[in-house]
Colleague: 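Below is the structure I would like to discuss, written out as structure tokens.
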2 protein chains.
Amino acid sequence: MTLYDVAREADVSTATVSRVLHGHDRVKASTRQRVLDIIEALGYVPDGAAQSLSRKRKQIVGLIAVESRGPGSDIEQTSLLFLEEVLRGVESPVGDIGWSLLISFMVRDDTAYARLQSMSGKVDGLLISEGIVSSPELATLARRLPIVLVAGSPDEPNVDVVDADNRTGTRALVCHLVEVHNATRLYYVAGPDEAPDARARRNAFDEELARHPGVTACGYFEGRFASSGGKLAAQEILATPRRDRPDAVVCANDQMAIGAMRELQANGVAVPTDIAVVGFDDIYSGALVTPSLTTVSQPMRLLGERACSRLLERIADPALPHQVELLPTRLVIRESCGCAAAPAALVQDRVQR
Amino acid sequence: MTLYDVAREADVSTATVSRVLHGHDRVKASTRQRVLDIIEALGYVPDGAAQSLSRKRKQIVGLIAVESRGPGSDIEQTSLLFLEEVLRGVESPVGDIGWSLLISFMVRDDTAYARLQSMSGKVDGLLISEGIVSSPELATLARRLPIVLVAGSPDEPNVDVVDADNRTGTRALVCHLVEVHNATRLYYVAGPDEAPDARARRNAFDEELARHPGVTACGYFEGRFASSGGKLAAQEILATPRRDRPDAVVCANDQMAIGAMRELQANGVAVPTDIAVVGFDDIYSGALVTPSLTTVSQPMRLLGERACSRLLERIADPALPHQVELLPTRLVIRESCGCAAAPAALVQDRVQR
DNA sequence: CTCCTTAGTGTAAGCGGTTACACGAATTTG
DNA sequence: CAAATTCGTGTAACCGCTTACACTAAGGAG
């Protein structure tokens, strides 16, 4: 079932069928109708590969999702909830113009670059959700096709970056703990250092702390973004004498915050009375736990949407200057920071720069 | 940067380059090396569209995800958590053989069929996650390319179906409530009737009830799979006189169960003491709420994996007989059914058929 | 030393569309 | 009414890769 079959059947040339298919040129109404009828009758659908080849445009964008299977970070806990929202965001601009989305999960290993290469042959542009390949490799790729980093480190040349404003979000959160709840001893549960957003959040934590004399970081723990990491951090805290314990535990994501909170509670520490716990991401579960989790909300869907739009712009015009776009985050005050069980209203804080 | 450029540079024919690229034929070692060096130096990557066209195989499978934006079912609550796991399951067999995954979100509307058609031109086979198009349309599609229904109604001809065993799971759950907790008045919060799994669960609920004389369904509510639906159902229950209330509320998914539970609790009804509440799906949040949610776990990742493998098999051999495969579900007993806060161990119940 | 294999490589015909260009017919213009 | 447009359509090259087939050179068998 090809264009030729349709053309023969309708007794026209393939050019005419193609014209009918795309409404481009002027085709006599009667011819058009005849061709359309044949197409309908034959159930003809154009072959995407042939179209891509001929148009020199695949009309496909690729999305690389990181599949972290590292020890201590199982799938459920890591990127779950994050990817799906981003995905929907991405699909929206892509679908609007009739393009498609090719997705691939990759582990950060030595096969990643090869797989990326092969993927790069099948798409017009790439959305990479994190630094799964080294910087030089990325640069090589970027020379061949447009690349937008989603939540990546903003220091790559030749790529665009769209990210949530981890810095401002984290600082607002810390500021809230210090200024509203008078926390003076903060404990930080970080994400893996190779994740750019984990680094950004941790740096912002330090930065904000530096702005408040008398407030100290009384401990760090690298929890790898898994709830088990939060649990381990909590155990470390529980192992210290009561008076050396922090006032508040700031976690680089919600899963770890939930893990930490539960472990503290299971050992008789009241949250937030004894120790406050806060997270980052605003996952669905955060609103359900007791006490409900104070956190920072990332516009995940918007993240996907903006990244994809940017990519499409760049595909359309590769000469565009490269940009870094930071999307605003929003402080979500709930109970685990020590605030009263507030009405569902979400409070918006602002940090001074 | 095409195959021809490489061929010219290496002073061989395109055929030889192609052979080197795929290791198929015997190529002299020295030639091979020279070609590989040139490829490396030029950073050549084969064009996917051209390969697809030439091979008559796109090496791409499509996944259609339902995007329900209907009233009362926002995105977060509906398929969240479901899709992502399935996705990862699907990607695994696909990635193993170097194929790709094309994904599209679709709303069930009048454009769906057209979009599906267009998608069908870009892939070798389709994974459809629900009945987003009518049965005859599906049949037409299935005539042109292999289709596997993920969690679909098993009565389609010409398509394969892979689904979780909603029936057995639901029956085990109901059986548990009745036999262990002596529930006699059950209230059912259903999903939207157009969703095949919603229908399957509801039917199983009725079926199991019929097996227990003296046990009655004291109410139904269609909650559209959103937690707000659970809330509304709970309000309906709260509006009835205390003695007319159910012993247990069985929800077609966890989000609704959580919604119902919170609304009941907010109005002074103790769960599970006054009324038990159970769900379906075993989402991450279910373990975190208080009381923790008794539910049925679906092997979502396996679902994706099996569906995809089946599709690949069918693409390889279209003559294969069509099959329906039901994947086992697992009863997850926690607290919300009335069981004591058990150790983390998960209990496996079994229902007699 | 001829004939037959086999290794190694090239030629060129597709794969299924798109589209620049060409061309006759119909229509408009002066 | 001839010339200039405009309309409607066909011809065929091209997109980049794969692969059947053909061919040469070298090695082995008789």
Side-chain angles (χ1 to χ4, degrees), chain A residues 1-36 38-39 42-60 98-100 117-124 144-145, chain B residues 1-36 38-39 42-60 98-100 117-124 144-145:
Chain A
M1 193 46 21
T2 75
L3 192 66
Y4 291 88
D5 299 321
V6 177
R8 181 165 10 84
E9 205 71 18
D11 199 30
V12 294
S13 71
T14 59
T16 297
V17 179
S18 185
R19 286 174 190 129
V20 168
L21 233 28
H22 305 296
H24 285 328
D25 272 290
R26 46 269 169 107
V27 175
K28 203 201 289 179
S30 62
T31 311
R32 172 184 306 279
Q33 195 51 55
R34 181 156 39 96
V35 171
L36 285 176
I38 303 273
I39 287 177
L42 263 47
Y44 165 75
V45 173
D47 181 89
Q51 291 186 312
S52 300
L53 183 56
S54 178
R55 293 176 177 159
K56 302 189 190 179
R57 251 296 122 100
K58 300 177 186 64
Q59 308 200 140
I60 299 180
W99 287 33
S100 304
Q117 292 240 108
S118 131
M119 180 131 180
S120 76
K122 302 177 167 181
V123 300
D124 294 317
R144 221 191 14 262
L145 83 171
Chain B
M1 194 47 21
T2 75
L3 193 64
Y4 291 91
D5 299 321
V6 176
R8 181 165 9 85
E9 205 72 18
D11 199 30
V12 294
S13 71
T14 60
T16 297
V17 179
S18 184
R19 285 173 190 129
V20 168
L21 233 27
H22 305 295
H24 284 328
D25 273 289
R26 47 267 168 108
V27 176
K28 202 200 289 180
S30 62
T31 310
R32 171 184 307 281
Q33 195 50 55
R34 182 155 40 94
V35 171
L36 285 176
I38 303 274
I39 288 177
L42 264 48
Y44 165 75
V45 173
D47 181 273
Q51 290 187 313
S52 300
L53 183 56
S54 178
R55 292 175 179 161
K56 302 190 191 181
R57 199 104 313 158
K58 300 175 185 62
Q59 310 202 138
I60 299 181
W99 287 33
S100 305
Q117 293 240 107
S118 131
M119 180 129 179
S120 77
K122 303 177 168 182
V123 301
D124 294 317
R144 220 190 13 261
L145 83 171

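To find a chain, count down the sequence lines: A is the first, B the second, and so on, and within it residues start at 1.
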Colleague: Classify the side chain of A/R19 and the base of D/dG10 as holding, or not holding, a donor-acceptor pair under 3.5 Å.
Modeller: yes
Colleague: Side chain of B/T2, heavy atoms from C-beta onward: which of D/dT9, D/dG16, C/dT9 has the nearest atom to it?
Modeller: D/dG16
Colleague: Can you find a heavy atom in the side chain of A/L3 that is under 4.5 Å from one in the side chain of A/Y44?
Modeller: yes
Colleague: Quick one: OG1 on A/T14 to CG on A/L21, what's the gap to the nearest 0.5 Å?
Modeller: 11.5 Å
Colleague: Starting from P on C/dG14, measure out to CZ on B/R57 and report it in whole angstrom.
Modeller: 21 Å
Colleague: Contact between A/K122 and B/S100 at the side-chain level, heavy atoms closer than 4.5 Å - yes or no?
Modeller: yes
Colleague: Please examine the side chains of A/V27 and A/V35, heavy atoms only from C-beta on, and report whether any two atoms are closer than 4.5 Å.
Modeller: no
Colleague: With a 4.5 Å limit on heavy-atom distance, are the side chains of A/L145 and A/D124 in contact?
Modeller: no
Colleague: Looking at side-chain heavy atoms only, is the closest gap between A/D47 and A/T2 below 4.5 Å?
Modeller: no
Colleague: Bend angle of the helix from C/dC1-D/dG30 to C/dG30-D/dC1 from five-pair axes at both ends, rounded to 10°?
Modeller: 40°
Colleague: Within this structure, what is the NZ-to-C1' distance between B/K58 and D/dT18, rounded to whole angstrom?
Modeller: 15 Å
Colleague: I need the NZ-C1' distance between A/K56 and C/dG16, as an integer number of Å.
Modeller: 16 Å
Colleague: Would you mind reading off the distance between A/K28 atom NZ and D/dG10 atom P, rounded to a whole angstrom?
Modeller: 10 Å
Colleague: Does a side-chain N or O of A/R55 approach OP1 or OP2 of C/dT18 to a distance below 4.0 Å, or not?
Modeller: yes
Colleague: Between B/T31 and B/A50, which is nearer to the 5' end of DNA chain C once each is assigned its nearest nucleotide?
Modeller: B/T31
Colleague: Within this structure, what is the CZ-OG1 distance for the pair B/R26 and B/T31, rounded to the nearest 0.5 Å?
Modeller: 13.5 Å
Colleague: Rounded to the nearest angstrom, tell me the gap between atom CG in A/L3 and atom C1' in D/dA12.
Modeller: 14 Å
Colleague: So A/V12 and A/R34, do their side chains get closer than 4.5 Å, heavy atoms only?
Modeller: yes
Colleague: Round to the nearest Å and state the distance from A/D47 atom CG to D/dC15 atom P.
Modeller: 18 Å
Colleague: Would you say A/Q51 reaches C/dG16's phosphate, i.e. side-chain N/O to OP1/OP2 under 4.0 Å?
Modeller: no
Colleague: Can you figure out which of D/dG16, C/dG17, D/dT19 approaches the side chain of B/Y4 most closely?
Modeller: D/dG16
Colleague: Hey, does B/V45 have a side-chain heavy atom less than 4.5 Å from the side chain of A/R144?
Modeller: yes
Colleague: Under 3.5 Å, is there a donor on one side chain and an acceptor on the other for A/S52 and A/R57?
Modeller: no
Colleague: Within less than 4.0 Å of OP1 or OP2 of C/dT18, is there a side-chain N or O belonging to A/S18?
Modeller: yes
Colleague: Rounded to whole angstroms, how far apart are NE2 on A/H22 and P on C/dT19?
Modeller: 7 Å
Colleague: Tell me: CZ of A/R26 to P of C/dT27, nearest whole Å?
Modeller: 15 Å
Colleague: In terms of the nearest nucleotide of DNA chain C, which residue is placed more toward the 5' end: A/L53 or B/T16?
Modeller: B/T16
Colleague: Looking at DNA chain C, which of residues 7-15 of chain B put a heavy atom within less than 4.0 Å of it?
Modeller: B/D11, B/V12, B/S13, B/T14, B/A15
